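Just so we're on the same page: letters track the sequence lines, and every chain starts at 1. Since we're looking at a predicted model, the values are computed, not measured.
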2 protein chains.
Amino acid sequence: MRIAQPSFSTRERILGVAEALFARHGFAGASLRQVTAAAKVNLAAVNYHFGSKESLIEEVFRRRLDELNRHRLAALAAVEATPGHALEDVLAAFIRPALEQSMDSAGGAAFVRVLARAYAEHDERLRKFLSDNYGHVLREFAAAFSRLLPGLDREELYWRLDIVAGALTYAMADFGMIKRRASTSEETHRELTAEHLIRFAAAGLRAPGPVANGEQRETGGAA
Amino acid sequence: MRIAQPSFSTRERILGVAEALFARHGFAGASLRQVTAAAKVNLAAVNYHFGSKESLIEEVFRRRLDELNRHRLAALAAVEATPGHALEDVLAAFIRPALEQSMDSAGGAAFVRVLARAYAEHDERLRKFLSDNYGHVLREFAAAFSRLLPGLDREELYWRLDIVAGALTYAMADFGMIKRRASTSEETHRELTAEHLIRFAAAGLRAPGPVANGEQRETGGAA
DNA sequence: GGGCCTGTCAAACGACCGTTTGAATGGTAG
DNA sequence: CTACCATTCAAACGGTCGTTTGACAGGCCC
């Protein structure tokens, strides 16, 4: 498993290797001994450069999340600057940077699994850290969506954006069981994923709002 | 943190507590000492009843997944037995049992986080185990959806079902950052989640298919 | 009764954990 | 050259890990 690249500094090698190993084995499952061995640095280097394992984990997060947020907001700004932009364009600005990062060559693929794991761990500290950063971006996108979907109230929009974020997170981590075809390249696969997500999400966001008390469709009595 | 109920057998107490602790701290993060202490059983009981920690993890999985599959297939059968059933009914058969289990009182909530974690771990053994069970159910649902969406080819349908599964998984784990309101009960929240998911997914599944080579909508050139 | 199986228990095993220490290293400024 | 500082290193620290062991208790059949 070649991970380390000797041309990078000790600090950067640790970050890259830690990202990969945290993704593969979890925060508790990947030890500093494994990390430092794979990065070909001394065991004490982690505590020297980062202070503790916990701080190393945070730094792994900050690096990638900042990058993702920058790309997303830049894409959103570009879209909003073009008059007559459509729902699909804003969705693309939200979805494409995430998928690109999730499949880039330099460990970004590992990071999304780290992210998914952090969600699953329900670690309140990391959760708050994520909410502080990610929440801000989400709110900007919510405003952009709101302008294109004037019929949707704020509550309903947030519900639907949350569903989009869920489907995207799932896709980023390559969780899917029926998708990946060996015959298609990573890049083609990413493009297909983006197109399907955008088309699906656009339809979902445009769905008619919840029916009021009157004529409700009958729901099967099963389960 | 009261978890154990003394009226259950040692084996069942271990399973329940392990599920909760694995969800909270991860497979590597939750130790057998924590599990056995919380379950008020001897440390050696895990190895006695399950053989190893790894086998305990598998058993935690099997128990809940079997239950979920049973509920889903029963709901699907009931829906399909009613003539004139709609897309929303099949979606409900897929979504509602999962959300119900994810919020039931006896540790089901913990399980979905365990499930999400297993996805994130990319552990091939667990992944195959999941694929063997879950894949079968997914195929049955795919057939049911296919009958209601005759215009969608098999490939396109699988893509969209994968998106639905992703959004559902995310919702089950209560990953969302903008949803939960303190003023609504768990049950109300679950019902709201189900309704939003079903409405969103129905619209997404009914979206027009991918445009052929001709008239393609222009996608913003950003990022 | 004696033999046997199931289940529980305290104690210990070696291995690995995150962190700390103090010495060695190498470049740079005075 | 000397003094200094950032960095690296091997070694060790106390602690927790999953697992194993052997003793012990109770129910059940012969």
>> Quick test of your reading of the model: are B/E58 and B/R63 salt-bridged, counting only N-O distances below 4.0 Å?
In response: no
> CZ of A/R33 versus C1' of D/dA12: gap in Å, rounded?
Replying inline: 10 Å
>> In this structure, how many angstroms lie between the C1' atom of D/dT19 and the CD atom of B/Q34, rounded?
In response: 17 Å
> Do NZ/NE/NH1/NH2 and the carboxylate oxygens of A/R64 and A/E67 come within less than 4.0 Å?
Replying inline: yes
>> Starting the side chain at C-beta, find the nucleotide from D/dA10, C/dA12, C/dT19 nearest to B/L43.
In response: C/dA12
> Distance check: side-chain N/O of A/H49 vs OP1/OP2 of D/dA6, anything under 4.0 Å?
Replying inline: no
> Whole-Å distance between D/dA6 P and A/F50 CZ?
Replying inline: 17 Å
>> In this structure, how many angstroms lie between the C1' atom of D/dG18 and the CG atom of B/L32, rounded?
In response: 6 Å
> Between A/R190 and A/E100, is there a side-chain N and carboxylate O pair less than 4.0 Å apart?
Replying inline: no
>> Heavy atoms only, 4.0 Å cut-off, all strands: where does B/A44 land among base, sugar-phosphate and nothing?
In response: base
> Between A/K53 (NZ) and C/dC16 (P), how many Å, whole number?
Replying inline: 15 Å
> Closer than 4.0 Å, any side-chain N/O of A/T10 to the OP1 or OP2 of D/dT7?
Replying inline: no
> In whole Å, what is the span from the CD atom of A/E54 to the P atom of C/dT19?
Replying inline: 9 Å
> Taking 4.0 angstrom as the limit, do A/R199 and A/E195 come out as a salt bridge?
Replying inline: no
> So which one's nearest nucleotide on DNA chain D is more toward 5', A/R11 or B/V46?
Replying inline: A/R11
> Over how many whole Å does the gap from B/K40 atom NZ to C/dA10 atom C1' extend?
Replying inline: 18 Å
> Rounded to the nearest 0.5 Å, what separation is found between the CD atom of B/E54 and the CD1 atom of B/I57?
Replying inline: 4.5 Å
> Quick one: which of D/dA6, C/dT20, C/dG7 gets closest to the side chain of B/Y48?
Replying inline: C/dG7
> Nearest-Å distance, CG (B/N42) to C1' (C/dA12)?
Replying inline: 13 Å
> Is the phosphate of D/dT16, meaning OP1 or OP2, less than 4.0 Å from a side-chain N or O of B/S31?
Replying inline: no
